[in-house]
2 protein chains.
Amino acid sequence: MELPEAKLKFIEAWGKLGSEWGINRTMAQVHALLLVTPDALTTEEIMESLSISRGNANMTLRELMGWGLVEKHHKAGERKEYFFADKNTWNIARQVAKERRKRELEPVLKILDELTKVKGDNKHPDYKTFNTTVTDINKMAKNVDKTLDAMLKAEESWFWGSIFKMFK
Amino acid sequence: MELPEAKLKFIEAWGKLGSEWGINRTMAQVHALLLVTPDALTTEEIMESLSISRGNANMTLRELMGWGLVEKHHKAGERKEYFFADKNTWNIARQVAKERRKRELEPVLKILDELTKVKGDNKHPDYKTFNTTVTDINKMAKNVDKTLDAMLKAEESWFWGSIFKMFK
DNA sequence: TCAAACTTTCAAAAATTTTTGAAAGTTTAT
DNA sequence: ATAAACTTTCAAAAATTTTTGAAAGTTTGA
């Protein structure tokens, strides 16, 4: 397989995976494009490469910056904005973990904490099932939260090293 | 807060979280409903509770069974089918991990392995960036794969116990 | 100050996903 | 064999998400 074809395959696969995980396909594709491009690209170049509109490119890049995955670069003496993706995989994973924790896990944890406090009679199967389920899910969500927190602070090699020590 | 309201809140929150993670909101809601219901429910009861159509209920329940999260129960002397959700949180997490690994991670790993093999000249920044990025992502994806595999085989308390020993 | 170069906005259109519900299919009891 | 009880299917409709592109906005240099 040649490089250009391989790049397209990567972009396609990344887009698909993104869409399966609740991330807009185009956003994942723009990210993938920047990940396999050594230097920063202009909006124009991204539009061209992926055949998307200016509006879409602009919006997607803004969101990628919001996720902390892409940054704007400027070249001396040029007005154009260039977009560049951090290519460190561990940084990317941490950044995504950090954002999803904040945006999705934290709100759910807040609700679960409330629901855990609902009072009732354990003799009523309805209440008992509700309470047990919510309490259990809350515990698991808190464990996930703590694990993500640790991951955010960790060094990649240490993290995987420790994980693999666990089950050998 | 009273139980009925709390149930609705839980169903809503679960539906929202699901939709953010690429799982159909209704499917997550049906799952949530069954999770807080002590006994098995009929299609009719689910339709009623969540105000959804027969077709939708049927399709959603079939999918939940496909994910291994819900099973059909039969009551002696009745023709109706009853649907029941396993309420063990660790089982649920493992089941979801298992399915997503099979459906989403494995196909991506296959593509990444191929892309890793693409030959080129490391003097060309384009090739070098592509190769480095894809190789790195491949490594990370393999680590995730191994971790999930371990999780699938693990006992809940042992798993979290080991994780927490890591960062204390 | 002006206009060229560039970015952002957002209402409307397109694409995609989800839902509906009536009809077709199946199973069971008589 | 039939009808009642129940489940499944799927084309069309509705809802939602994504994309477009032209107009408005901004910045810069002359």
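The figures that follow rest on heavy atoms only: side chains count, while hydrogens, waters and symmetry mates do not. Order of the sequence lines sets the chain letters (A, B, ...), proteins ahead of strands, with each chain counted from 1.
- Ion pairing between a basic and an acidic side chain is recognised when a charged N comes within 4.0 Å of a carboxylate O; K16(A) and E104(B) show no such pairing.
- If you measure from atom CD1 of I46(B) to atom P of dT7(D), you get 10 Å, rounded to the nearest angstrom.
- Between E81(A) and H74(A), the shortest heavy-atom contact is CG-CE1, 3.6 Å.
- Between the CG atom of L61(A) and the C1' atom of dT9(C) there is a distance of 15 Å, given to the nearest Å.
- For E81(B) and dA5(D), the CD to P distance is 16 Å, given to the nearest whole Å.
- When hydrophobic clusters are built by joining Ile, Leu, Val, Met, Phe, Trp and Tyr residues whose side-chain heavy atoms come closer than 4.5 Å, directly or via intermediates, V70(B) is grouped together with W21(B).
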Requested in this report: Determine, for nucleotides 14-30 of chain C in 5'-to-3' order, which nucleotides have protein heavy atoms under 4.0 Å from the base (write B), from only the sugar-phosphate (write S), or from neither (write -).
Outcome: ----SBBB-----BS--
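- Atoms NE2 (H73(B)) and P (dC6(D)) sit 19 Å apart, rounded to a whole Å.
- Spacing between atom CZ of F83(A) and atom C1' of dC6(C) amounts to 11 Å, rounded to whole angstrom units.
- Nucleotide dA4(C) holds its C1' atom 14 Å from the NZ atom of K80(A), rounded to whole Å.
- Residues L112(B) and Y127(B) share a single hydrophobic cluster, defined by chaining ILVMFWY side chains whose heavy atoms lie under 4.5 Å apart.
- Judged by Watson-Crick or G-U wobble contacts below 3.5 Å, the nucleotide dT26(C) has dA5(D) as its partner.
- OP1 or OP2 of dT8(D) lies within a sub-4.0 Å distance of a side-chain N or O belonging to N58(B).
- At whole-Å resolution of the value, NE2 in H74(A) and P in dT7(C) are 9 Å apart.
- Looking at Q29(B) and H31(B), their side chains never bring a donor and an acceptor atom within 3.5 Å of each other.
- If you chain together hydrophobic residues whose side chains sit under 4.5 Å apart, F167(A) and L148(B) fall into the same group.
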